[in-house]
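One structure is given here, and the rest of the page talks about it.
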Amino acid sequence: MTAPAIAAPRPAGGPPSLKIVLTGPFGVGKTTLVGAVSDIAPVTTEARMSAGNADDDTSLTPAKTTTTVAMDFGRLDVDGVTLYVYGTPGQHRFWFMWDAIVRGAAGSVVVVDTRRLQDSFRHLDYVDHVRLPYVVAVNQFPGARSYPASAIREALALAADVPIVDIDARDRDSVRRLLIALVEHVITRTTPAPPSVCT
Amino acid sequence: MSSDLSYLLNNNLVARVPGISQAVAVSADGLLLAWTDGLNRDAAERLAAVAAGMNSLLNGAARDLSAGGVQGNLTELAHGFLILVAVSTGASLLTLATRDADLAFVTEELGRFADQVGDQLTPAFAGTLTTAATGQR
Ligand SMILES: Nc1nc2c(ncn2[C@@H]2O[C@H](COP(=O)(O)OP(=O)(O)OP(=O)(O)O)[C@@H](O)[C@H]2O)c(=O)[nH]1
Ligand SMILES: [Mg+2]
């Protein structure tokens with residue numbers, strides 16, 4: 001058979017889109033967040049947790065019965081931009097997937113829980129390492145003390161320009177505000193400042 | 001999204017290869033590039049994310065087994081076969097074949113198709129950022 005004429009490379013038309021990676025430690029609310037904000041039914045890869053694994057400490061999230069074993073995926077529109085949100089699995093044994101998940105991403109959200117900020121250090125190191133612009137989302141669990149952004153910035157040693165946003169991962173509007181903050185941050189980080197006018 | 005590539009999926013795979021009923025083309029970073037007429041866009045985008053995730057999971061297994069990169073995957077479903085074909089660029093084709101399909105023939109045709117369109121299956125998200133940035137201002 002004769003090969004068909006192969007079309008030219010994809011035209012740049014269509015609505016603009018951004019891939020966003022959502023990361024953070026086990027049980028911090030990543031899957032909940034994607035489920036709350038996605039305009040389409042999300043892809044979920046939840047599996048029941050087996051008991052007694054030291055990696056799976058649910059003492060702070062007693063209602064949690066499942067964990068993500070591959071990734072989360074959802075899509076939403078924000079101001080005419082289509083966001084594709086990919087969530088990483090939280091548990092160490094799945095970290096080998098991160099490099100593949102961040103491929104092509106424009107920005108990232110690192111979710112933290114104020115009761116265990118240190119659990120997010122590796123995620124922050126990772127997004128720094130792959131040079132993704134990111135915002136820090138503080139998921140407010142009931143009973144957790146709330147801290148001013150300045151205290152969180154200091155505890156996590158965040159650069160001055162990293163936005164810190166308080167969220168309720170279960171609340172769509174709250175998560176949309178978070179993602180809008182991320183899109184704005186990505187744009188300011190990637191749009192060069194206009195050259196200053198010299199006279 | 002490429003309508004040309006969708007045309008090729010519909011006409012050169014689904015219409016021409018007996019047994020292939022649906023297909024999506026997916027960039028290495030999980031972006032849906034094209035899909036066949038029988039799928040709606042939301043489902044096609046989920047399938048694209050799953051294809052990228054499968055690729056990544058299976059490559060994790062392949063690394064631990066020191067058995068080289070993933071070239072393809074065959075999943076048996078109650079009512080069909082799900083076939084993943086990895087393209088050299090990291091992109092992939094995820095295809096549904098019917099239960100009675102000739103799998104040897106189908107996978108050969110998928111490989112041929114992947115070779116033909118490989119160039120169009122390059123990562124695409126990064127290039128859209130500038131559009132998004134200008135669209136916002
Ligand atoms: N009260 C409260 N509970 C939450 C919130 N976000 C998540 N949860 C609960 O916390 C638990 C963990 O949430 P998940 O969304 O599964 O966490 P995850 O980050 O996806 O976890 P892994 O994928 O296992 O790493 C669930 O039982 C949620 O119902 C929140 O904002 N407030
Ligand atoms: Mg999860």
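Here is how names work: the chains are called A, B, and so on, in the same order as the sequence lines, proteins then strands, and each is numbered from 1.
- Residue A/M97 touches chain B through both its backbone and its side chain, counting heavy-atom pairs closer than 4.5 Å.
- The distance from the CG atom of B/N59 to the CZ atom of A/F96 is 9.5 Å, given to the nearest 0.5 Å.
- Side chain of B/R46 to main chain of A/A41: a donor-acceptor pair is present (N/O by atom type, distance under 3.5 Å, no hydrogens or angles).
- Linking Ile, Leu, Val, Met, Phe, Trp and Tyr residues whenever their side-chain heavy atoms come within less than 4.5 Å leaves B/L65 and B/L74 in two separate clusters.
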Dump the intermediate steps for side-chain contact (heavy atoms from CB on, under 4.5 Å) on B/D42 and A/R75, then the final yes or no. CA-CA 9 Å; B/D42 293 355; A/R75 186 193 81 201; 3.0 Å; yes
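- By the neighbour-count criterion of 12 heavy atoms within 6.0 Å, atom OH of B/Y7 is sparsely surrounded, having that number or fewer from other residues, nucleotides or ligands.
- Put simply, A/L22 and A/F141 are part of two different groups of oily side chains (I, L, V, M, F, W, Y) that touch within less than 4.5 Å, one to the next.
- Ranked by non-hydrogen atom pairs under 4.5 Å with chain A, the options B/G90, B/A49, B/A43 are led by B/A49.
- Between B/D29 and A/G104, the closest heavy-atom pair is OD2-CA, 3.5 Å.
- When hydrophobic clusters are built by joining Ile, Leu, Val, Met, Phe, Trp and Tyr residues whose side-chain heavy atoms come closer than 4.5 Å, directly or via intermediates, A/F26 is not grouped with A/L60.
- Between the side chain of A/Y84 and the backbone N or O of B/E45 there is no donor-acceptor pair closer than 3.5 Å.
- Within 6.0 Å of CD on A/E46 lie more than 12 heavy atoms contributed by other residues, nucleotides or ligands.
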